[in-house]
Number of protein chains: 4
Amino acid sequence: MINRIVLVGRLTRDPEMRYTQSGIAVTRFTLACDRPFSGQDGKREADFIDCVVWRKQAENVSKYLSKGSMAGVDGRLQISSYEGQDGQKRYRAEVVADGVRFLSSKGDGRDSAPPPRDDEAPQAKGGFDQQPYSGGIDLSDDDLPF
Amino acid sequence: MINRIVLVGRLTRDPEMRYTQSGIAVTRFTLACDRPFSGQDGKREADFIDCVVWRKQAENVSKYLSKGSMAGVDGRLQISSYEGQDGQKRYRAEVVADGVRFLSSKGDGRDSAPPPRDDEAPQAKGGFDQQPYSGGIDLSDDDLPF
Amino acid sequence: MINRIVLVGRLTRDPEMRYTQSGIAVTRFTLACDRPFSGQDGKREADFIDCVVWRKQAENVSKYLSKGSMAGVDGRLQISSYEGQDGQKRYRAEVVADGVRFLSSKGDGRDSAPPPRDDEAPQAKGGFDQQPYSGGIDLSDDDLPF
Amino acid sequence: MINRIVLVGRLTRDPEMRYTQSGIAVTRFTLACDRPFSGQDGKREADFIDCVVWRKQAENVSKYLSKGSMAGVDGRLQISSYEGQDGQKRYRAEVVADGVRFLSSKGDGRDSAPPPRDDEAPQAKGGFDQQPYSGGIDLSDDDLPF
DNA sequence: TTTT
DNA sequence: TTTT
């Protein structure tokens with residue numbers, strides 16, 4: 001009934017975009033969110049959290065984020081079930097993003113990509129802020145409700 | 001750039017709905033969220049947090065919630081400035097709700113109001129779940145983006 | 001780096017408590033969180049989200065919550081890997097609760113359990129508020145850091 | 001009863017640290033969080049949200065963040081009342097941080113400060129993750145419960 | 001394996 | 001009183 005999650009982490013690899021049969025863009029990526037206190041004794045533990053975005057945001061994520069990019073995600077946790085290759089029912093956890101925020105670049109420099117043009121940016125209820133000049137860029141969906 | 005708040009508390013008084021000149025419903029209410037550890041020594045401290053909802057949700061909140069109702073709110077914190085009666089600039093904090101969830105009733109019984117009819121419920125991106133049979137009811141906006 | 005999740009839902013079954021070898025209480029339970037818009041056309045979909053709490057809270061959850069209870073959880077999403085029975089590496093998603101809040105009862109009446117005695121309740125950093133008189137009860141950890 | 005807020009924004013000025021009479025460090029700062037869709041038509045609106053951190057984190061914020069730094073805050077919204085200079089009761093909204101995360105620097109370069117040494121970093125329940133190699137640094141409280 |  |  002309430003299901004809200006906010007993550008900030010780095011992409012473990014380049015995002016993967018595809019289109020549904022009806023032509024809707026979907027992008028998946030994984031965020032590495034280091035756990036508390038990892039690192040203090042040499043070990044670096046992280047949670048690798050699968051995320052999915054739809055539509056305009058999917059395209060923006062695909063265009064502007066890549067392996068190592070830091071991103072903020074605001075969404076809900078979805079648990080899907082599927083049939084394993086051995087016929088067993090299994091579960092998959094995935095964060096369905098309402099908003100994705102481009103927060104920074106890989107260690108070696110700021111992401112070179114320019115911010116997306118958002119002139120027409122509509123009301124992405126529940127999505128993130130858009131702020132072309134904020135050093136980060138917004139990747140909110142900007143044409144379709146979801 | 002990320003601004004997300006989730007509250008669960010009780011309405012301190014009946015919600016107040018009005019319409020903007022352009023006919024959009026706006027409802028304001030205050031949630032009492034008890035602070036940590038209040039109560040342990042007799043004192044009960046709470047934060048009284050002003051909330052605002054728009055459109056369809058505004059109407060539902062007004063219809064189904066009242067003083068003492070328990071509600072969940074998912075939204076963003078907005079700080080507005082205004083001119084005080086003494087000419088001073090002052091600030092007002094308000095949670096702009098993307099979703100409001102009807103969680104329970106006043107102590108004396110469950111809220112008697114029936115759940116809203118949500119047949120037509122659209123995609124309330126970022127809003128809360130709708131589930132007429134869940135014991136709680138959803139008050140998501142269901143006709144206008146915001 | 002930021003990993004915060006807030007859930008409100010109902011327990012799908014009674015919570016299960018056990019003790020670690022070092023004597024620490026751990027309780028696991030699953031929360032059913034209905035998805036958006038389920039129900040409008042007859043289908044009622046939910047996410048079944050596994051949660052875990054430690055120590056004092058584990059004991060309180062075990063004592064005061066049961067199948068059907070409504071609860072609020074504030075925590076972080078943890079992805080653990082384990083070896084499947086077929087030697088395959090698999091992942092398990094679990095919300096590690098910082099705070100658990102007892103929000104309501106099953107439909108037939110309010111949970112009959114009395115609120116936990118919290119006289120000694122300490123500072124549960126990051127946990128939820130405690131407010132014995134608020135209609136809900138708090139199940140915050142109250143003796144050990146975690 | 002549940003009161004959780006997550007923010008990412010930039011410091012509007014250098015943080016201000018002081019000590020209470022009992023010697024506890026407190027640091028206050030304001031985060032500028034741009035509102036949704038500001039910028040699309042030239043206007044850039046933001047919410048200026050006051051935050052407060054205590055103890056070890058207060059010291060770290062004071063040491064490693066400055067005007068323009070990007071930071072993530074995880075905490076609760078607190079509304080305090082005070083007597084205005086005109087005898088009127090007024091309210092002040094403030095986010096009490098459980099965790100503060102150093103996310104980036106001002107535009108001209110990455111914040112030059114080295115990450116805090118966190119060898120001894122304890123379990124900051126409800127605080128943020130620590131990850132020395134993630135490009136950001138953690139400013140979690142690391143010696144006192146709060 | 002799922003709650004109302 | 002506000003940041004990029």
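Predicted model, so just to flag it, every value in this text is computed and none were measured. Here is how names work: the chains are called A, B, and so on, in the same order as the sequence lines, proteins then strands, and each is numbered from 1.
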Picking from dT2(F), dT3(F), dT2(E), which would you name as closest to the side chain of R10(D)? dT3(F)
Atom CD of E16(D) to atom C1' of dT2(F): distance rounded to whole Å? 13 Å
Between atom CD1 of I79(B) and atom CZ of R92(B), what is the distance when rounded to the nearest 0.5 Å? 10.5 Å
Charged N-O contact under 4.0 Å between R28(D) and D50(D): no
Atom-to-atom span, CZ of R13(D) to P of dT3(F) - whole angstrom: 10 Å
Tell me whether the side-chain N/O atoms of K67(D) come closer than 4.0 Å to OP1 or OP2 in dT2(F). no
Separation of I79(B) atom CD1 from dT1(F) atom C1', in whole Å? 14 Å
Return the value, rounded to whole Å, for the distance between atom CG of D14(D) and atom P of dT2(F). 16 Å
How many Å lie between CG on L7(C) and P on dT2(E), as a whole number? 19 Å
Closer than 4.0 angstrom, basic N to acidic O: yes or no for E16(D) and R18(D)? no
What's the CZ-C1' distance between R35(C) and dT4(E), to the nearest Å? 17 Å
How many Å lie between CZ on F48(D) and P on dT4(F), as a whole number? 11 Å
What distance do E45(D) atom CD and R35(D) atom CZ have between them, rounded to the nearest 0.5 Å? 5.0 Å
With a non-hydrogen cut-off below 4.0 angstrom, is F29(D) in contact with a base, only sugar-phosphate, or nothing? nothing
Of the nucleotides dT1(E), dT3(F), dT2(E), which one has an atom closest to the side chain of K89(A)? dT1(E)
Can you figure out which of dT1(E), dT3(E), dT3(F) approaches the side chain of Y91(A) most closely? dT1(E)
Between CG of D47(D) and P of dT4(F) the distance, given in whole Å, is 17 Å
